[in-house]
*Asks:* 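Got a structure for you, written out below as structure tokens; questions coming shortly.
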Amino acid sequence: ADSLISMSLSKEGARAIKVFLQEWEQYEMHSICSTIRLDNSNIKTGFTAFSRSRIALEKGDNWRWNRSVCLRDQVISEDVRISVHKMNSRSKTKGITVPSFKVWLFTALFETGDSPIYFVWCERGYEPTEISVEELAFLRPFVSDSIARELNW
């Protein structure tokens, strides 16, 4: 499929399409959401998902989404073409620091006339945080002694 992609893509656009193609290869194994809504609370780096409806991007209190790249009609197979939009967070007011988000939105269109499929890749969002069991030791008073021992609290 790589040879079918326009050779005039930027490195960034080509990388985004590569992420899409890797997920698309396993499309049948993915669960497809009926809707996806990304807002300030769930924009996580590396998040990917397919949806049957357009992906909703909610703006923040002091920032909005800005579309900075639009690639239309990228042919990925004989019967599928995609459109790609890169969305960046941007301050509503000059001088205000806002989160630096970068989200790619894809629309897969089928020559067969089937309903489009939508895909999102959050290239840059909040970093997923990992919490160790030890950090949860403050919950010790709320669990049984046997569970506390099992967790080394």
Side-chain angles (χ1 to χ4, degrees), residues 1-139 151:
D2 289 343
S3 62
L4 297 172
I5 303 294
S6 167
M7 299 311 285
S8 62
L9 291 176
S10 67
K11 286 181 183 178
E12 181 182 51
R15 186 175 65 248
I17 290 176
K18 184 177 180 180
V19 169
F20 171 82
L21 290 173
Q22 287 170 340
E23 297 295 320
W24 186 253
E25 284 175 12
Q26 300 153 9
Y27 167 72
E28 284 81 19
M29 294 187 293
H30 284 278
S31 57
I32 301 172
C33 304
S34 56
T35 60
I36 296 173
R37 183 178 267 5
L38 290 180
D39 61 34
N40 217 8
S41 70
N42 63 359
I43 299 172
K44 304 278 191 252
T45 297
F47 173 76
T48 61
F50 287 98
S51 176
R52 296 194 188 287
S53 59
R54 287 189 190 273
I55 291 151
L57 294 179
E58 302 291 327
K59 61 187 178 205
D61 292 336
N62 59 355
W63 60 271
R64 62 181 176 82
W65 290 104
N66 182 62
R67 184 174 69 197
S68 57
V69 171
C70 179
L71 306 169
R72 296 197 186 280
D73 295 327
Q74 299 294 308
V75 176
I76 62 168
S77 72
E78 289 180 12
D79 59 346
V80 181
R81 57 192 165 83
I82 57 173
S83 293
V84 184
H85 300 276
K86 180 177 96 172
M87 308 296 288
N88 291 294
S89 53
R90 180 182 227 165
S91 177
K92 288 182 183 177
T93 309
K94 208 170 195 169
I96 292 180
T97 303
V98 298
S100 180
F101 298 140
K102 186 191 301 184
V103 173
W104 294 85
L105 302 174
F106 297 78
T107 304
L109 302 167
F110 302 94
E111 297 298 325
T112 60
D114 289 352
S115 297
I117 295 292
Y118 303 91
F119 177 76
V120 60
W121 171 41
C122 183
E123 181 178 359
R124 187 174 56 232
Y126 293 118
E127 289 302 317
T129 54
E130 293 184 27
I131 300 174
S132 69
V133 172
E134 291 79 25
E135 292 176 273
L136 299 174
F138 68 92
L139 296 171
L151 298 172

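Treat the numbers as computed from the prediction; the structure is a model and nothing was measured. For the single chain, residues carry numbers from 1 onward in sequence order.
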*Asks:* What's the spacing between Tyr118 OH and Cys33 SG if we round to 0.5 Å?
*Replies:*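 Tyr118 OH to Cys33 SG: 14.5 Å, rounded to 0.5 Å.
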
*Asks:* Test side chain to side chain donor-acceptor pair (under 3.5 Å) on Asn40 and Tyr126 and set out the steps.
*Replies:* CA-CA 9 Å; Asn40 217 8; Tyr126 293 118; 3.0 Å; yes

*Asks:* Could you work out, with side chain to side chain contact (heavy atoms under 4.5 Å, CB included) as the rule, every residue matching Cys70, not counting sequence neighbours?
*Replies:*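 Partners of Cys70 by the side chain to side chain contact (heavy atoms under 4.5 Å, CB included) criterion, ordered by chain and then number, come out as Arg67, Arg72, His85.
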
*Asks:* side-chain hydrogen bond (donor to acceptor under 3.5 Å, both in side chains): which pairs involve residues 44-55, sequence neighbours left out?
*Replies:*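 The answer is Thr45-Glu127.
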
*Asks:* Of the non-hydrogen atoms in Arg15 and Trp121, which two are nearest, and what is the gap between them?
*Replies:*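 Scanning both residues completely, I find the closest heavy atoms to be NE-CH2, 4.3 Å.
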
*Asks:* Applying side-chain hydrogen bond (donor to acceptor under 3.5 Å, both in side chains), can you list everything that pairs with Thr107, at least two apart in sequence or on another chain?
*Replies:*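 side-chain hydrogen bond (donor to acceptor under 3.5 Å, both in side chains) list for Thr107, sorted by chain: empty.
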
*Asks:* Name every donor-acceptor pair, under 3.5 Å, that has one atom in a side chain of residues 97-105 and the other anywhere in the protein, sequence neighbours excluded.
*Replies:*
from, atom 1, to, atom 2, distance (Å)
Ser100, OG, Arg124, NE, 3.1
Ser100, OG, Arg124, NH2, 3.3
Lys102, NZ, Glu12, OE2, 2.7
Trp104, NE1, Glu123, OE1, 2.7

*Asks:* Applying side-chain hydrogen bond (donor to acceptor under 3.5 Å, both in side chains), can you list everything that pairs with Gln26, at least two apart in sequence or on another chain?
*Replies:*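 Gln26 satisfies side-chain hydrogen bond (donor to acceptor under 3.5 Å, both in side chains) with no residue once adjacent residues are dropped.
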
*Asks:* Is there a side-chain contact between Trp63 and Ser89, using heavy atoms and a 4.5 Å cut-off?
*Replies:*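 Side-chain contact under 4.5 Å: yes.
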
*Asks:* What residues form a side-chain hydrogen bond (donor to acceptor under 3.5 Å, both in side chains) with Asp79, not counting sequence neighbours?
*Replies:*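 Partners of Asp79 under the side-chain hydrogen bond (donor to acceptor under 3.5 Å, both in side chains) test: Ser77.
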
*Asks:* What residues form a side chain to side chain contact (heavy atoms under 4.5 Å, CB included) with Leu136, not counting sequence neighbours?
*Replies:*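 Partners of Leu136 under the side chain to side chain contact (heavy atoms under 4.5 Å, CB included) test: Ile131, Phe138, Leu139, Trp153.
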
*Asks:* Quick one, Val120 and Leu38 - any side-chain contact, counting heavy atoms below 4.5 Å?
*Replies:*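 They are in side-chain contact.
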
*Asks:* Just how far is it from atom CD1 of Ile55 to atom CE of Met87, taken to the nearest 0.5 Å?
*Replies:*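 If I round to the nearest 0.5 Å, the distance is 11.5 Å.
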
*Asks:* Mind checking salt bridge (charged side-chain N to carboxylate O under 4.0 Å, His left out) for Asp61 and listing every partner two or more places apart, or none if nothing turns up?
*Replies:*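 Asp61: no salt bridge (charged side-chain N to carboxylate O under 4.0 Å, His left out) contacts found.
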
*Asks:* Mind telling me whether Trp24 and Phe20 have parallel, tilted or perpendicular rings, with 30° and 60° as the class edges?
*Replies:*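 If you compare the ring of Phe20 with that of Trp24, the planes turn out parallel.
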
*Asks:* Taking the side chain as everything from C-beta on, heavy atoms only, tell me whether Arg81 gets closer than 4.5 Å to Ile76.
*Replies:*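 With C-beta onward as the side chain, the pair stays apart.
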
*Asks:* Residues in ring-ring contact (aromatic ring centres under 6.0 Å, His included) with Phe47, at least two apart?
*Replies:*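 Phe47 satisfies ring-ring contact (aromatic ring centres under 6.0 Å, His included) with no other residue.
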
*Asks:* Could I get the full list of side chain to side chain contact (heavy atoms under 4.5 Å, CB included) partners for Arg90, not counting sequence neighbours?
*Replies:*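 Partners of Arg90 under the side chain to side chain contact (heavy atoms under 4.5 Å, CB included) test: Arg64, Asn66.
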
*Asks:* Among all residues two or more places apart in sequence or in another chain, which pass the side chain to side chain contact (heavy atoms under 4.5 Å, CB included) test with Glu58?
*Replies:*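 Applying side chain to side chain contact (heavy atoms under 4.5 Å, CB included) to Glu58 gives Arg37, Asp39, Ala56.
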
*Asks:* Could you check if a side-chain atom of Ile82 sits within less than 4.5 angstrom of a side-chain atom of Ile17, using non-hydrogen atoms only?
*Replies:*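 They are in side-chain contact.
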
*Asks:* Taking side-chain hydrogen bond (donor to acceptor under 3.5 Å, both in side chains) as the definition, give me every residue that meets it alongside Thr112, ordered by chain and number, with sequence neighbours left out.
*Replies:*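 Partners of Thr112 by the side-chain hydrogen bond (donor to acceptor under 3.5 Å, both in side chains) criterion, ordered by chain and then number, come out as Asp114.
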
